[in-house]
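In what follows, a structure is listed as structure tokens, so that the remarks can point back to it.
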Amino acid sequence: GDSTPSTVDFRLTSGHHTAGVDFPAGTYDLTAIEWCGRVVSSNGAVDTAMGVPEYNTDGQDLYTQSLEDVSLKKGTVLSLSGGVILRLHSDDADSSPLQPREQDITEDVTLSAGLYTAGVDFPAGVYDFTATDGVGNVESSNSHSGGISDVMGTTWRIAEGFGFCEQKYQNVELPEGTTLSVSGVTLLLQP
């Protein structure tokens, strides 16, 4: 196989992104290009509020705009929440092909407000969430390990009393038995 390192640029939005699956493993410069939010990596290299400079009001450095030389080895998960959009740039990314997630679920699921259990109310698996109506809280019982705890809504806006809301959240893991609580918003879950 061709193992020459390659230069890559990725744009990541809210969700959990795995090196080697969603983007190539490598050492990256991370730059916030829109909005603000939290960026956390599963290897402990990053746990930072990142955002564009306009959100640093009153001279406070609440948000970091860029981080350099962040090592994201294969299997490391980079999680974005709160609406921040990141550019990932690497000059030495792994050029081997990305490994798709193995799962046999193919059906989309639409959920309105309520409490649901993966494996009971819909098939367990990894889904992309899209808000199709309303705005509200979406929280899964595994929110600290691949799940979701965020405000979702149909528009990128500052929602009343909620701060930012997000329309999409990618790669949410909902293993068998995980509960998902949805309030005020209708969601489309796509495997």
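Heads up: numbering here begins at 1 and tracks the sequence. When reading the values below, keep in mind they use all heavy atoms of this one structure, side chains included, and skip hydrogens, waters and symmetry mates.
Side-chain contact, His89 with Asp9: a donor N or O sits under 3.5 Å from an acceptor N or O. No side-chain N or O of Lys74 forms a donor-acceptor pair with one of Thr76 less than 3.5 Å apart.
A 4.5 Å side-chain heavy-atom check between Leu86 and Ile33 finds every atom pair outside the cut-off. Proximity of Asn142 to Pro175: side-chain heavy atoms (C-beta onward) are separated by under 4.5 Å at one or more points. Taking the side chain as every heavy atom from C-beta outward, Ile148 and Leu180 approach each other to under 4.5 Å. Leu80 is not listed as a side-chain neighbour of Thr13, based on a closest heavy-atom distance of 4.5 Å or more.
Of the possible polar contacts, one joining the Gln65 side chain to the Ala32 backbone as a donor-acceptor pair under 3.5 Å is found. In this structure, Ser42 contributes its side chain and Val77 its backbone to a donor-acceptor pair below 3.5 Å. Under a 3.5 Å cut-off, the side chain of Ser140 and the backbone N or O of Gly147 do not form any donor-acceptor pair. A donor-acceptor pair is defined here as one N or O able to donate and one able to accept, closer than 3.5 Å; such a pair exists between the side chain of Asn56 and the backbone of Leu62.
When the side chains of ILVMFWY residues are joined at heavy-atom separations under 4.5 Å, either directly or via intervening members, Leu189 and Val185 end up in a single hydrophobic cluster.
In this structure, OG on Ser149 lies 3.5 Å from CD on Glu139, to the nearest 0.5 angstrom.
Here the two rings, on His17 and Phe10, have centers that are 6.0 Å apart or farther.
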Subject >> Evaluation steps, side-chain contact (heavy atoms from CB on, under 4.5 Å), between Leu188 and Asp108 >> reply: CA-CA 7 Å; Leu188 174 65; Asp108 292 354; 3.9 Å; yes
Donor-acceptor pairs under 3.5 angstrom involving side-chain atoms of residues 115-130: please list them, not counting sequence neighbours.
from, atom 1, to, atom 2, distance (Å)
Tyr116, OH, Ser112, N, 3.4
Tyr116, OH, Ser112, O, 2.7
Asp121, OD2, Thr117, N, 2.7
Tyr127, OH, Pro123, O, 2.7
Asp128, OD1, Asn171, N, 2.8
Thr130, OG1, Lys168, NZ, 3.1

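The shortest heavy-atom contact between Asn43 and Ser41 is OD1-OG, 2.6 Å.
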